[in-house]
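The first residue of the sequence shown is numbered 1, and numbering continues consecutively from there. Since the structure is predicted, the reported quantities are computational estimates derived from the model, not experimental observations.
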Amino acid sequence: MDVTAIGEILIDLTQTGVNAAGVPQFSANPGGAPANVAVAAARLGAGSAFWGKVGDDGFGTYLRKVLTDNGVDASGLRTGSQPTTMAVVSVDETGERSFRFLRGADRDICPEEVDEDQVLRSKILHFGSVSLTAGMCRSATIFAARTAHKNGGLVSYDPNYRPALWANQAEAAEWMTIPLPLVDIIKLAEEELPLLTGSADLEEGTRVLEDRGLSLIMVTLGSEGVFCRWKGETWKQPGVSVKVADTNGAGDTFLGAVLSRLCQRGEKPLEGLERPELEDILAFANRAAAFTCSRSGAIPAMPALAELEGGRMP
């Protein structure tokens, strides 16, 4: 297996507009950052798997089908007694999002439900910080990351900060930094950098992460692209201009694209990687994210590999 993701899979109740009376209208889209990454990687040619938990309800059945229909191994998707988690995603006129979570089954995956053999067979184990907020999923996530790390696998991390899921910013910063010693690859938004490093400066903040042992550090900058630190070098990889319909899932598409391309390099995805090749990978990932931004929803908006071949633009 190339990429195995662990964490939340949920229903994004995403605002699609308003009706004639001005009442917001919503679509029930599949989502959850780790699940998004697994699907993005699979759509772009990687072998991917997902572990998590849904409810014994219609949404849970639907989400399992979404994974399998997109070529993701869903054998690690458990069914629990709590309802499937939902996120209400409101979108403003610029395409930016705000979230409110109705947490359910995703919190309840426990360490005993983590398949250690699957971890050991995966080139990259991916997780996000929503799994660190509460419930048994915190222990399961750290257990999976530690298992991969100590056995020589790569660990990918997205510290996607959702204020509504934490008691306060200090608690978030504490738990979001705890897994860093286990992590090789990190993708974070510009506003999350100070939470993890104490610095909003891209050079200084990423240097702090490199000093803590992380190898590939990517800070997404929206339409401006991504700031990358690799082997002591830093640069900005330009973004792709696009008419934005919805930014939901863009960062996950970017990361899924990066991981899928890295896994094409062989059993040791970071071994021998040099800047020119990495620049090509980041450019590919930026185009993939632009395709997602040009359409509505998270998983439904993600591009297939054929859409990106030949340098096509959204």
Side-chain angles (χ1 to χ4, degrees), residues 3 33 37 40-41 44 123-129 145 149 153-161 172-173 176-242 247 250-266 268-293 308 311 313:
V3 179
V37 170
L44 296 173
K123 296 177 185 177
I124 300 174
L125 186 283
H126 173 71
F127 72 98
S129 63
H149 177 74
L154 291 179
V155 177
S156 165
Y157 177 38
D158 178 7
N160 47 331
Y161 177 50
M176 288 166 66
T177 55
I178 282 175
L180 290 180
L182 306 174
V183 174
D184 303 284
I185 300 167
I186 191 169
K187 188 281 294 180
L188 65 166
E190 189 173 12
E191 61 269 20
E192 291 158 352
L193 189 62
L195 276 175
L196 271 67
T197 68
S199 175
D201 181 78
L202 293 172
E203 288 282 352
E204 174 62 17
T206 57
R207 184 195 60 77
V208 169
L209 292 173
E210 186 176 53
D211 288 347
R212 296 195 65 171
L214 283 79
S215 297
L216 175 56
I217 301 156
M218 300 169 289
V219 183
T220 54
L221 307 173
S223 62
E224 294 183 21
V226 61
F227 181 91
C228 182
R229 179 179 286 272
W230 171 246
K231 292 185 175 179
E233 288 190 85
T234 61
W235 70 93
K236 281 187 180 180
Q237 193 72 34
V240 175
S241 179
V242 66
T247 59
D252 302 326
T253 301
F254 171 86
L255 183 54
V258 169
L259 299 183
S260 70
R261 289 289 297 271
L262 287 175
C263 286
Q264 292 177 15
R265 304 187 71 253
K268 302 279 188 184
L270 293 181
E271 192 172 279
L273 179 64
E274 299 296 340
R275 176 170 169 170
E277 184 182 358
L278 181 53
E279 288 179 350
D280 287 343
I281 290 172
L282 296 177
F284 173 83
N286 280 338
R287 285 197 295 116
F291 268 91
T292 297
C293 286
L308 297 176
M313 301 301 246

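Looking only at distances, a side-chain donor or acceptor of Asp184 sits under 3.5 Å from a matching main-chain atom of Val155. Under a 3.5 Å cut-off, the side chain of Glu279 and the backbone N or O of Gln237 do not form any donor-acceptor pair.
With rounding to the nearest 0.5 Å, the separation of CG in Leu154 from CG in Leu259 is 9.5 Å. Here OG1 of Thr234 is found 10.0 Å from NZ of Lys236. Values are rounded to the nearest 0.5 Å. Put simply, OG1 on Thr220 and CD on Glu191 are 7.0 Å apart, with the number rounded to the nearest 0.5 Å. Here Tyr157 contributes atom OH and Leu180 contributes atom CG; the two are 6.0 Å apart, rounded to the nearest 0.5 Å. Rounded to the nearest 0.5 Å, atoms CE (Met176) and CD1 (Ile178) are 11.5 Å apart. To the nearest 0.5 Å, the span separating CD1 on Ile217 from CG on Leu193 amounts to 9.5 Å.
Residues Asn286 and Pro238 come closest through the heavy atom pair ND2-O, 2.9 Å. The two residues Val219 and Ala189 have their closest heavy-atom pair at CG1-C, 4.0 Å. Here the shortest heavy-atom pairing between Ser129 and Pro159 reads OG-C, 3.4 Å. Pro179 and Val183 make their closest contact through O-CG2, 3.4 Å (heavy atoms, listed as atom of the first residue, atom of the second, distance). The shortest heavy-atom contact between Ala288 and Ala257 is CB-CB, 4.0 Å. Annotation for His126 and Leu255: closest pair CE1-CD2, 3.3 Å, computed over non-hydrogen atoms.
The shortest distance between side-chain heavy atoms of Ser199 and Val208 does not fall below 4.5 Å. In this structure, Tyr161 and Leu196 have side chains that are not in contact, with every pair of non-hydrogen atoms separated by 4.5 Å or more. When side chains are defined from C-beta on, Thr206 does not count as touching Trp230, because their heavy atoms never get closer than 4.5 Å. Put simply, the side chain of Leu188 does not reach to within 4.5 Å of the side chain of Leu195, judged on heavy atoms. Considering only heavy atoms from C-beta on, Leu282 comes within 4.5 Å of Trp235 through its side chain.
A salt bridge does not link Arg207 with Glu203: every distance from a Lys NZ or Arg NE/NH1/NH2 to an Asp or Glu carboxylate oxygen is 4.0 Å or more.
Take Arg265 and apply the side chain to side chain donor-acceptor pair (under 3.5 Å) test, not counting sequence neighbours, and it matches Glu277. For Gln264, the side-chain contact (heavy atoms from CB on, under 4.5 Å) partners two or more places apart in sequence, or in a different chain, are Arg261. The side-chain contact (heavy atoms from CB on, under 4.5 Å) test applied to Lys231 returns Glu274, not counting sequence neighbours.
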Item to complete: For side chain to side chain contact (heavy atoms under 4.5 Å, CB included), just list the numbers for Met218 and Ile185, CA-CA rounded to whole Å, side-chain angles, deciding distance to a tenth of an Å, and then say yes or no.
Response: CA-CA 8 Å; Met218 300 169 289; Ile185 300 167; 3.7 Å; yes

Fill in: Worked check of side chain to side chain contact (heavy atoms under 4.5 Å, CB included) between Cys228 and Leu216
CA-CA 8 Å; Cys228 182; Leu216 175 56; 3.8 Å; yes

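The side chain to side chain contact (heavy atoms under 4.5 Å, CB included) with Lys187 is formed by just one residue from the set Asp158, Asn160, Val258, Val226; it is Asp158.
Using a 3.5 Å distance cut-off with no hydrogens or angles, the side chains of Thr197 and Glu204 do not pair a donor with an acceptor.
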